K.L.:
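Questions regarding the structure given below will be posed in turn.
Positions are given from 1 along the sequence. This is a predicted model, so every value here is computed, not measured. Counting starts at 1 for both ligands and their atoms, following the listed order.
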Amino acid sequence: MSHNTQANAERLPRKGDEVEAQALGLGPRGHIMGEVQGIPVRIKGCTAPGDRVRVRLLRKGRGVFDGQLLEVLEEGPEHTEPRCSHAGTCGGCSFQGVSYAAQLKAKQEWLEAAIADSDLVVKPEVQAMIGMDDPWHYRNKMDFTFGSRRWIEDHEEEGVVADFGLGLHVPGRWDKVLDIEECSIAFPEAAAILNTTRRLALEQNLDPWDVKEARGLLRHLVVRKGYQTGQILVDLVTETESPERIDPFAAALLEAHPEITTMIQGIHARSAQVAFHEEQRILHGTGVIEEVLAGCTFEISATSFFQTNTPQAEHLVECIREAAGLKSGDVLFDLYCGAGTLGLCLAKQQSDVRVLGFETVEAAVEDARRNAEANGILNAEFRVGDVRAILEDSAEGTLPQADVILIDPPRAGLHPKVPAQLAALKPRRMVLVSCNPLAAMGDLARLEFLGWRTTQVQLLDLFPHTPHVECVFTLSPIPLDQ
Ligand SMILES: C[S@@+](CC[C@H](N)C(=O)[O-])C[C@H]1O[C@@H](n2cnc3c(N)ncnc32)[C@H](O)[C@@H]1O
């Protein structure tokens, strides 16, 4: 027994201790929940429920420790070897050490617990989760960051390049970039493009962004792929245009990766750490790629919003279609429609339904209109505006009667005034899509109070190996005699 472990037997564990713990379950924020001497611990690292582990206790708050995994002492039945060497550090897919079946089960249980704890009087039926047959390399978009302060891993030797990183931020460290060399959830070609970009940038002495000084040429590398078309877009976001430095770099990258169908340069001089473009230059190809979803072809630019998991988005459209139960002549409101992906897929499948989409971001609405035209969809219209304001105006008869309302709000859920506005529209059915079950429970409870019953929930795993889960809730009016 080690000195520390012996000490544990004699006193309660404290911050800084290295202790044995039992991993018990998956936490909705991406941790593995465990226990040490009866005290809960949120474990960071690739472990699985049932494992016996050694952890370093980092801090304690509200009776729960945060702990860093040091070693798996004994593997439990759900333990799986992570595929990616960065798992456990990068934080992108914190459940890589857990069997996929156990991940799906945990997500289903979270939703069931959220429903049980909710204010809903009548609890909806939960359908079995739709998972992926092959839960790897599913992301069709990755946004990598350049940084002048690279995260140095414990096993790295002294003297390694520390002032150039290209990859992802280490969780909780906005200033440090972890060099990513492989990624098990990004589309297969993404890692090779990323590694060539790093090599060429180092060879050509292109300076990365320094987040503290707010300067440096290279800021982001965004890569996107159309799964159904095979087309690949590379977006290099830089501080300045600097064609004398960027053009030779782009030529070398394109020569090494002829699979890249289009390359653009986005210019972003402001300090915000997002892959935003104030201006852009097309360096190769058309500047856009195409993706096919549910029979529609979508044109995707570097900045347009699109579902990141194409195969699961097909299932999502199908679930929404079933939940909506559209009939000939129906008017469907697609609220918070983004670039119209969902509404357009439904409009294409049912040309006798009229779709009206609403969205605040003007560029997304322009994308939706362009995609409607390109697909010959005449039964979908899109308007720019805040849903709350649009629904307020609709009380004055400016909108047609909605038969079905599809609602796909941002993570935080609906503005508190929106449920009453929705109920006042008296549609036949509502379908709420949410990636945040807790926010959804509040919205559903408000709608229940207003006479709307949640009858069914379908869960989809859009993001395997992460704690995210997508839910499709079906709502119907409560009959007057109940
Ligand atoms: C979860 S996304 C929906 C994406 C879309 N349904 C799709 O699948 O492509 C939420 C969308 O709501 C938009 N949004 C946020 N607040 C809004 C508001 N108050 N009114 C209208 N749209 C809003 C965001 O710009 C974003 O496009």
K.L.:
Using distance alone, with no hydrogens and no angle criterion, decide if S85 and E182 have a side-chain donor and acceptor under 3.5 Å apart.
P.N.:
yes
K.L.:
Return the closest protein heavy atom for atom 12 (O) of ligand 1 as residue, atom name and distance.
P.N.:
Y336 CB, 3.3 Å
K.L.:
Using heavy atoms and a 4.0 Å limit, tell me yes or no: is G343 in contact with ligand 1?
P.N.:
no
K.L.:
Does CD belonging to E278 count more than 12 external heavy atoms closer than 6.0 Å?
P.N.:
yes
K.L.:
Count the heavy atoms of every other residue, nucleotide or ligand shown that sit under 6.0 Å from CD of E373, and state whether that count exceeds 12.
P.N.:
no
K.L.:
Is there a donor in the side chain of T238 and an acceptor in the side chain of H268, or the other way round, less than 3.5 Å apart?
P.N.:
no
K.L.:
Check whether more than 12 heavy atoms from other residues, nucleotides or ligands sit under 6.0 Å from atom NZ of K417, and answer yes or no.
P.N.:
no
K.L.:
Below 4.0 Å from ligand 1: does a non-hydrogen atom of A364 turn up there or not?
P.N.:
no
K.L.:
For Q280 and H277, which I'm curious about, is there any donor-acceptor pair between the side chains at under 3.5 Å?
P.N.:
yes
K.L.:
Quick one: do the D386 and T360 side chains pair a donor with an acceptor below 3.5 Å?
P.N.:
no
K.L.:
To check your reading of the model: name the closest protein heavy atom to atom 15 (C) of ligand 1, its residue, and the distance in Å.
P.N.:
P410 CG, 3.4 Å
K.L.:
Hey, is E189 close enough to K225 for a salt bridge, meaning N to O under 4.0 Å?
P.N.:
yes
K.L.:
Looking only at N/O atoms, are V387 and ligand 1 under 3.5 Å apart anywhere?
P.N.:
yes
K.L.:
Check F305 against ligand 1 and report side chain, backbone, both or neither, counting heavy atoms closer than 4.0 Å.
P.N.:
side chain
K.L.:
Tell me whether E359 has any N or O atom under 3.5 angstrom from an N or O of ligand 1.
P.N.:
yes
K.L.:
Using a heavy-atom cut-off of under 4.0 Å, does the side chain or the backbone of P409 touch ligand 1, or both, or neither?
P.N.:
backbone
K.L.:
How far is atom 10 (C) of ligand 1 from the closest protein heavy atom, and which atom is that?
P.N.:
D408 O, 3.4 Å
K.L.:
Around atom 19 (N) of ligand 1, find the nearest protein heavy atom and jot down its residue, atom name and distance.
P.N.:
D386 OD1, 2.6 Å
K.L.:
Could you check atom 22 (N) of ligand 1 against the protein and tell me its nearest heavy-atom contact, residue, atom and distance included?
P.N.:
T360 N, 3.2 Å
K.L.:
Select one of side chain, backbone, both or neither to describe which atoms of L342 lie under 4.0 Å from any atom of ligand 1, heavy atoms only.
P.N.:
side chain
K.L.:
Check whether the side chains of Q127 and E125 place a donor and an acceptor atom closer than 3.5 Å, and report yes or no.
P.N.:
yes
K.L.:
Students should be able to answer this: which protein heavy-atom is nearest to atom 8 (O) of ligand 1, and at what distance?
P.N.:
Q307 NE2, 2.8 Å
